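Since the structure is predicted, the reported quantities are computational estimates derived from the model, not experimental observations. So that the names make sense, note that chain A is the first sequence line, chain B the second, and so on, each numbered from 1.
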2 protein chains.
Amino acid sequence: MNTTRDQIIQATRSLVEKQGYHATGMNEILRLSGAPKGSLYYYFPDGKEELAQEAISQTTKEVVGRIRANLALFDDPVEAIQVFVSRIADHIELSQFSSGGPLTAVAMETATSSERLNRACREAFAAIQCAFAEKLAANGYAPESAAQLALFITAAIEGGTLLSRTAHSGDPLRRVAEVLALALRSARP
Amino acid sequence: MNTTRDQIIQATRSLVEKQGYHATGMNEILRLSGAPKGSLYYYFPDGKEELAQEAISQTTKEVVGRIRANLALFDDPVEAIQVFVSRIADHIELSQFSSGGPLTAVAMETATSSERLNRACREAFAAIQCAFAEKLAANGYAPESAAQLALFITAAIEGGTLLSRTAHSGDPLRRVAEVLALALRSARP
DNA sequence: GTCTATACGGTGATAGAC
DNA sequence: GTCTATCACCGTATAGAC
């Protein structure tokens, strides 16, 4: 793959994750990536919006892969999910409270202002929910139940991440993981 | 109370709720509120940050009041919470997917960039959780359990709101409300 | 394809008249 | 206290040389 293009996306991901979409400027992205302004608009003719879209879809692929890999570590889906969410809490602390990818920030900021980014976020959330639902469905949960629980898991993680970022501590998300495990057990088939 | 000052805060709340913190400009706030720029810096010498802080703390007071009022409508805390969350879903649809107050947006955008706003958001989340915890504790839940569940409820609402905003539909949050009710019932004392 | 220089609008903030 | 005029700066985006 093209290195310059990839470095630009990488810089965008990192900055948007930390600061949000509107707080991140093109000049900042350029500075971090080391690329010149001309290259940026050569690779992303539609500018910042296209860039953020690419950052989201690329991040989502990685995140979905990481979800599947983590959920495969345990046969029991509830245990797998609890451990996975706890790991996100660790990761948030290690990254000094940069959120779980640029998705949350962009979704919040562009829900009603950018058709293009809103669509990208919808697809991202759908893919993430799908990964959770598969694990549940493969372990005896009824399909509709699995889908609903996957939505709930995603919401709990997003909300827990927000609380942990705000609290500057992984603990809120870890406590969310505990209660989430209880909830999933009580919904067990 | 001073009308001009209040109109400025009101405009800030509405705009930040819809667009986010960084996407909202001072000129925009001025335009919507009808106030002149001089007045704005007279009432809020510390500028945008102070303004947002005021908007958050004012909104939080109202939100906490609304939570208490809604939870008081039903004796059963689980039913009360489920109905309350469903109402948020209705409200999101009615407001054309402006989130539940400026809190979520500011919390996401300023978690690591503004000490002052981060503190305001922490206090806001604490007050909200407190309102939920009280209702649970008043109905037989053990104090630590009530606090943990209140945190979980807050996370679920925040995450569900994000998903509903993104999906441009109240349904995700409504489904979150359903699962949340199941989870709270299974944790019943 | 890569890079520089620049355009133009909007940003948050201030000074000072009234 | 209220308002206007204006500031210096940064935002995204473009033009055009190489």
Side-chain angles (χ1 to χ4, degrees), chain A residues 1-56 102 105-106 108-110 112-118 120, chain B residues 1-56 102 105-106 108-110 112-118 120:
Chain A
M1 261 292 168
N2 190 310
T3 301
T4 302
R5 189 188 138 96
D6 224 56
Q7 279 172 333
I8 294 174
I9 296 180
Q10 204 58 37
T12 306
R13 286 172 58 172
S14 154
L15 288 170
V16 172
E17 184 168 354
K18 188 159 49 191
Q19 309 172 327
Y21 178 71
H22 284 105
T24 299
M26 301 290 260
N27 296 330
E28 212 175 351
I29 294 172
L30 258 357
R31 226 179 298 130
L32 181 62
S33 70
K37 192 166 266 188
S39 299
L40 199 159
Y41 281 94
Y42 170 74
Y43 288 115
F44 306 95
D46 288 352
K48 195 181 183 182
E49 228 178 331
E50 184 181 2
L51 191 44
Q53 184 194 357
E54 208 63 38
I56 287 175
V106 176
M108 261 306 298
E109 293 183 57
T110 65
T112 58
S113 62
S114 160
E115 183 80 29
R116 181 176 195 158
L117 290 177
N118 176 247
Chain B
M1 264 290 167
N2 190 311
T3 302
T4 304
R5 189 189 138 96
D6 223 58
Q7 279 172 331
I8 295 174
I9 297 180
Q10 204 58 38
T12 306
R13 287 172 57 172
S14 152
L15 287 170
V16 172
E17 182 168 355
K18 187 160 51 191
Q19 307 169 329
Y21 178 70
H22 285 105
T24 299
M26 300 290 259
N27 295 332
E28 212 176 350
I29 293 171
L30 257 357
R31 225 179 299 130
L32 181 60
S33 70
K37 192 166 265 189
S39 300
L40 198 158
Y41 281 94
Y42 170 76
Y43 288 115
F44 306 95
D46 288 353
K48 195 181 182 180
E49 228 178 331
E50 185 182 0
L51 192 44
Q53 184 196 354
E54 209 62 38
I56 287 175
V106 175
M108 263 305 300
E109 293 182 59
T110 65
T112 59
S113 61
S114 161
E115 182 80 27
R116 181 179 197 156
L117 291 177
N118 176 248

**OP:** Between dA13(D), dG12(C), dG1(D), spot the one nearest the side chain of Lys37(B), thanks.
**Re:** dG12(C)
Original post:
Over how many whole Å does the gap from His22(A) atom NE2 to dG11(D) atom C1' extend?
Top reply: 11 Å
Original post:
Nearest to the side chain of Ser39(A), which nucleotide is it out of dT12(D), dG1(D), dC3(C)?
Top reply: dC3(C)
Subject >> Separation of dT12(D) P from Arg31(A) CZ (nearest whole Å) >> reply: 11 Å
**OP:** Rounded off to whole Å, could you give me the CD-to-P distance for the Gln19(A) and dG11(D) pair?
**Re:** 10 Å
Original post:
Considering only side-chain heavy atoms of Pro36(B), which listed nucleotide, dG1(C), dT4(D), dA13(C), is closest?
Top reply: dT4(D)
Subject >> Spacing of Leu40(B) atom CG relative to dT11(C) atom P, expressed in whole Å >> reply: 13 Å
**OP:** Assess Lys48(A) against Tyr21(A): is NZ or CZ under 6.0 Å from the centre of the six-membered ring, and within 45 degrees of the ring's axis?
**Re:** yes
**OP:** Return the nearest nucleotide to the side chain of Tyr43(A); candidates are dT2(C), dT2(D), dT12(D).
**Re:** dT2(C)
Original post:
Does Leu40(B) reach the side chain of Leu51(B), with side-chain heavy atoms less than 4.5 Å apart?
Top reply: yes
Subject >> d(CZ, Phe44(A); C1', dT2(C)) in whole Å >> reply: 15 Å
Subject >> Validation row: Lys37(B), Tyr42(B) side chains within 4.5 angstrom (heavy atoms) >> reply: no
Original post:
Between atom CG in Leu51(A) and atom C1' in dA13(D), what is the gap in whole Å?
Top reply: 13 Å
**OP:** Ignoring the backbone of Met26(A), work out which of dT2(D), dA13(D), dG1(C) is nearest its side chain.
**Re:** dA13(D)
**OP:** Would you kindly compare Gly25(A) and Gly38(A) by the position of their nearest DNA chain D nucleotide and give the one closer to the 5′ end?
**Re:** Gly25(A)
**OP:** Please tell me if the side chains of Gln53(B) and Val106(B) come closer than 4.5 Å, counting only heavy atoms from C-beta onward.
**Re:** no
Original post:
For the pair made of OH in Tyr42(A) and C1' in dT4(C), what is the distance, rounded to whole Å?
Top reply: 18 Å
Subject >> Candidate nucleotides dG11(D), dG1(D), dT6(C), ranked by approach to the side chain of Asn27(A) - the nearest >> reply: dG11(D)
Subject >> Minimum-distance nucleotide to Tyr41(A) side chain [options: dT2(C), dT12(D), dG12(C)] >> reply: dT12(D)
Original post:
Side chains of Pro45(A) and Glu50(A): closer than 4.5 Å at any heavy-atom pair?
Top reply: yes
**OP:** Rounded off to whole Å, could you give me the CG-to-C1' distance for the Leu30(B) and dG10(C) pair?
**Re:** 14 Å
